[in-house]
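Single-structure report; data block below.
Here is the naming used below: chain letters follow the sequence lines, and residue numbers restart at 1 for every chain. Bear in mind the structure is a predicted one, so any value in this text is a computation, not a measurement.
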Amino acid sequence: MNITLPDGSVRQYPAGTTSLEVALSISEGLARNVLAAEVNGEVWDAARPISQDSSLKLLTWNDDKGKNTFWHSTAHLLAEALEALYQNVKFGIGPAIENGFYYDVDFGGQSFSTDELEKVEAKMLELAQQKNPYVRKEVSKKEAVEYFTQKNDPYKLELLEGLQDGTITFYQQGNFVDLCRGSHIPHTGFIKALKLLNVAGAYWRGDEKRQQLTRIYGISFPKAQELKDYLTLLEEAKKRDHRKLGKEMELFAFSEKVGMGLPLWLPKGAMLRERLQTFLQKAQTKAGYQQVVTPHIGSKQLYVTSGHYEKYGKDSFQPIRTPDENEEFLLKPMNCPHHCEIYKTKPHSYKELPIRLAEFGTVYRYEQSGELHGLTRVRGFTQDDAHIFCRPDQVKDEFKKVIDLVLYVFKALGFENFTAQVSLRDMDNKAKYIGNEDLWEKAEREIQEAADEKGLKTVVEYGEAAFYGPKLDFMVKDALGRRWQLGTIQVDYQLPQRFELEYTGADNQKHRPVMIHRAPFGSMERFIAVLLEHCAGNFPLWLSPEQIAVLPISEKYHEYAQELFNELQMQDIRGFIDERDEKIGRKIRDAEMRKIPFMLVVGEKEQAENAVSIRKKGEGDLGSMAVSDFVNYFKELVNKELLNQMEAYYEPALAK
RNA sequence: GCCGUUGUAGCUCAGUGGUAGAGCACUUCCUUGGUAAGGAAGAGGUCGUAAGUUCAAUUCUUAUCAACGGCUCCA
């Protein structure tokens, strides 16, 4: 038979040759590293015989699919170790994930604590050294059901229910047999280094009404050094955690007394927010948005009308009431209904549309206590919200303009690794959504087309839509690889109906506008969290809450330092004077640690010459400069940063 | 909300069934120093909160609150 390799070369082998044998025929070194093989696009065990002409790609640790197979096999090893160590353990599923693997385990009521992980790791390594092969076996459904019935494993039996007879395979390594599609690495000996990272609860089949299993997360490597490197990487990532940096840099804080999930913005953090808001507001003004302001509470009726009350009201913050009349008000959970009412304050002509109402609106949502997470998931946050009211024929164009704006914001702030996600309905559960089928389809189509026409690479996720409409979401990863939604753009045909929004068309008839909800940052809180992790606290100069530190050599120069500082402040340069009774080396060290972009050292020489000695963070001494020169130099740097942003964004020629 | 872990000084953390300790930060004094930590002294905690066991609890038990890792959820 002919085997076609990835480089296009074709080799001849007798039928029944395995991938491993093919590898061996190429080189012994390669054969030693083969974890699995991709046969006609499907991942196979390296030891599985190939019976006909095929394309073949040998998978090693350098292939994502190779890693995947490796980790999946390690999950089986974990299960084997657990079965050897504990009585009555039952297994859910144990897949490979982006970094490592997990296995969901039912310990039959006994609790499993993190202290036990080491013991399990040791057992796994012991079993790995036995170099037990992973043996594939095709079984009939009947056999499979019998095996797991006898083993008394309800989870595997349930999984079997969903499988077709004739497609079922078992894998065995050592004494452990698992229902598994495969594929696997040749034997456990490949697994040289592993670490069980944490233990968590996970609902069986992701359903919170069902049994909660113990999920054990881990990672493994073919070399000990790689594990070490990975753990170092994890440590490094933890140093970027916005919760840690935010505390260190005095940007924000939480207080038990104020309440969980309610961030307190400290002066420096507030400064940062303000800069970001100004930045976006400028861009939005150019793009034809108008700022509005609405109150933090709204009558319950407002949300009954919008449909939010029905959808979220019961398990949310409960209404507050007026003392005498007992009127009900809700803490504002979103701004759109308010904006609808602004739209309704007067009749509109088709000539006025689109109308774009923007607001940095602070909203409050009840989030389950276990969900709160630093600034990325909070109960009170400020959206950089806006609602565009437009004619149906303007939807796509408006949508594309918003995409431009979002991309501009991301680019200006250096976010390159984002995913554009088209969030559509869960087609199996349409009851979750309001509105008629035609409008949904129309909205979903418009989003997809707008994204395509903008050349955005998108991934489609079903079940991620809002209850009133589909979304285009911009997802970004945090320091620890968790995915968060930042920007979002949503087409909405429902709210205009519910609020009976209208405009008068050219035909002098009443028509219904379409709404586009959008937020490039998503929320100030989450955006700053991700930005902070992204730049590891080293903000661009224009954003830096403290741009300069004036460092007098000694007390004698405090007066000059103060003069200098006043002058810089007049020029909108932010910072502080370090008047502590410390040596200059110490002041420099502390300023470096505080990530201050510029340190201005002043002593006798500088005072005499009306100059400053400049030290740039991370770069060291830049020599001295006249004060006026420094101001120019500094402003040029800031302008350059801002100019780069502008180049990145060609605002739609005056909005309409 | 659910499962697991944690909770000691402003921060990072050690420690003990007999009412607590380090480093950094802070205060005072000495020092007036030229590009990544000058020296000395001092102050600071009812050991998350509430009950229980005990002669005695920060330490053991239970409850509760919060944080952390996940799951579920996310307008």
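Using a 4.0 Å heavy-atom distance criterion, A:D315 is classed as making no nucleic acid contact. Nucleic acid contact class of A:S613 (heavy atoms, under 4.0 Å, all strands): base. Using a 4.0 Å heavy-atom cutoff across all strands shown, A:R215 reaches sugar-phosphate atoms only and no base atom. If you check every strand for non-hydrogen atoms under 4.0 Å, A:M334 touches a base. The residue A:D621 sits close to a base: some heavy atom pair falls under 4.0 Å. Across all strands, A:Q494 comes closer than 4.0 Å to no nucleic acid atom at all (heavy-atom distances). Across all strands shown, A:F254 has no heavy atoms under 4.0 Å from either base or sugar-phosphate atoms. Here A:Q485 lies out of heavy-atom contact (under 4.0 Å) with every strand. Using a 4.0 Å heavy-atom distance criterion, A:E582 is classed as a base contact. Residue contacts shown for A:K587 are absent, as no nucleic acid heavy atom lies under 4.0 Å away. When heavy atoms are screened at a 4.0 angstrom cut-off, A:H517 is found touching no nucleic acid atom at all. Within the nucleic acid shown, A:R482 comes within 4.0 Å of sugar-phosphate atoms alone, with no base atom in reach, counting heavy atoms only. Within the nucleic acid shown, A:G585 comes within 4.0 Å of sugar-phosphate atoms alone, with no base atom in reach, counting heavy atoms only.
The aromatic ring of A:Y312 sits over the base of B:A75, with ring centres less than 5.5 Å apart and planes tilted by under 30°.
A:R210 has its CZ atom 18 Å from the P atom of B:C3, to the nearest Å. Straight-line distance from the CG atom of A:L117 to the P atom of B:G69: 16 Å, rounded to whole Å. Separating the CE atom of A:M599 from the P atom of B:G34 is a distance of 18 Å, rounded to the nearest angstrom. For the pair A:D578 CG and B:A36 C1', the computed distance is 13 Å after rounding to whole Å. Between A:D590 atom CG and B:C26 atom C1' the separation is 13 Å, expressed in whole Å. The OH-C1' distance, from A:Y433 to B:C74, rounds to 13 Å in whole Å. We find that CG of A:D581 is positioned 10 Å from C1' of B:C29, with the value rounded to whole Å. One can place NZ of A:K209 at 13 Å from C1' of B:C2, the figure rounded to the nearest angstrom.
In the set B:C73, B:A36, B:C71, B:A36 carries the atom at the smallest distance from any side-chain atom of A:R589. Among B:G69, B:G70, B:A75, the nucleotide with an atom closest to any side-chain atom of A:Y468 is B:A75. Relative to the side chain of A:F467, the nucleotides B:A36, B:C71, B:A75 differ in distance, and B:A75 lies closest. Comparing B:C73, B:G33, B:C71 by their closest approach to the side chain of A:Y203 singles out B:C71. Residue A:R243 places its side chain closer to B:C68 than to any other of B:C71, B:G38, B:C68. Which of B:G33, B:G1, B:G70 sits closest to the side chain of A:Q368 comes down to B:G1. Closest approach to the A:E367 side chain among B:C3, B:C26, B:C73 is made by B:C73 (side chain taken as heavy atoms from C-beta onward). Out of B:C74, B:G38, B:G34, the shortest distance to the side chain of A:R365 is found at B:C74. Checking B:C2, B:G69, B:A36 against the side-chain heavy atoms of A:I588 singles out B:A36 as nearest. Among the nucleotides B:U35, B:C73, B:A75, the one closest to the side chain of A:V601 is B:U35.
Looking only at side-chain heavy atoms (C-beta outward), A:M260 and A:R379 come within less than 4.5 Å of each other. Looking only at side-chain heavy atoms (C-beta outward), A:I516 and A:Q490 stay at 4.5 Å or farther from each other. Residues A:R518 and A:L405 meet the side-chain proximity criterion, which asks for heavy atoms closer than 4.5 Å.
Within residues 552-560 of chain A, the residues that have a heavy atom under 4.0 Å from RNA chain B are, in order of number, A:I553, A:S554, A:E555, A:K556.
Position along RNA chain B of the nearest nucleotide to A:G261 versus A:G370 favours A:G370 as the more 5'-ward residue. Between A:G374 and A:K244, it is A:K244 whose nearest contact on RNA chain B lies nearer the 5' terminus.
A salt bridge is absent between A:D207 and A:R205: the closest approach of a Lys/Arg side-chain nitrogen to an acidic carboxylate oxygen does not fall below 4.0 angstrom. Classification of A:R215 and A:D104 as a salt-bridged pair holds, one side-chain N sitting under 4.0 Å from a carboxylate O. A:R425 and A:E461 are not joined by a salt bridge, as no carboxylate oxygen comes within less than 4.0 angstrom of a charged side-chain nitrogen. Under a 4.0 Å N-O distance rule, the pair A:K605/A:E609 does not qualify as a salt bridge.
Note: A:F467 and A:H308 meet the aromatic proximity criterion, with ring centroids under 6.0 Å apart. If you look at A:H517 and A:Y468, their ring centroids are closer than 6.0 Å.
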Intra- and inter-strand pairs of RNA chain B in dot-bracket (Watson-Crick or G-U wobble, both distances under 3.5 Å; | for another strand): (((((((..((((....[..)))).(((((.......))))).....(((((..]....))))))))))))....
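Judged by a 6.0 Å distance limit and a 45° cone about the ring axis, A:R210 is not positioned over the six-membered ring of A:Y203. In this structure, A:R243 fails the cation-pi test against A:F254, since its NZ or CZ atom is not both closer than 6.0 Å to the six-membered ring centre and inside 45 degrees of the ring normal.
To the nearest whole angstrom, the two P atoms, one in B:A63 and one in B:U59, are 15 Å apart. Rounded to a whole angstrom, the distance from the P atom of B:C3 to that of B:U64 is 11 Å. Comparing the P positions of B:G39 and B:U32 gives an interatomic distance of 15 Å, to the nearest angstrom. Between the P atoms of B:U16 and B:U8, the separation comes to 16 Å (whole Å). One P atom belongs to B:G10, the other to B:C26, and the distance between them is 15 Å to the nearest Å. Here, B:C24 and B:U19 have their C1' atoms 27 Å apart, quoted to the whole Å.
One finds no side-chain N or O of A:K332 lying less than 4.0 angstrom from the OP1 or OP2 phosphate oxygen of B:A75.
Here CD of A:E250 is found 8.0 Å from CD of A:E546. Values are rounded to the nearest 0.5 Å. The CG atom of A:L78 sits 8.5 Å away from atom OH of A:Y103, with the distance rounded to the nearest 0.5 Å.
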Reading nucleotides 4-9 of chain B 5' to 3', which nucleotides get B (base under 4.0 Å from a protein heavy atom), which S (sugar-phosphate only), which -? -S----
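By the 30° and 60° cut-offs, the orientation of the rings of A:Y86 relative to A:F107 is perpendicular. Ring geometry, A:H242 versus A:F252: the interplanar angle falls from 30° to 60°, so the pair is classed tilted. A:H76 and A:H72 have perpendicular rings, their planes meeting at more than 60° on a 0 to 90° scale where under 30° would count as parallel.
For B:C73, its base sits under 3.5 Å from the side chain of A:R377 at one donor and acceptor pair at least. With hydrogens and angles left out, the side chain of A:Q212 and the base of B:C2 share a donor-acceptor pair within 3.5 Å.
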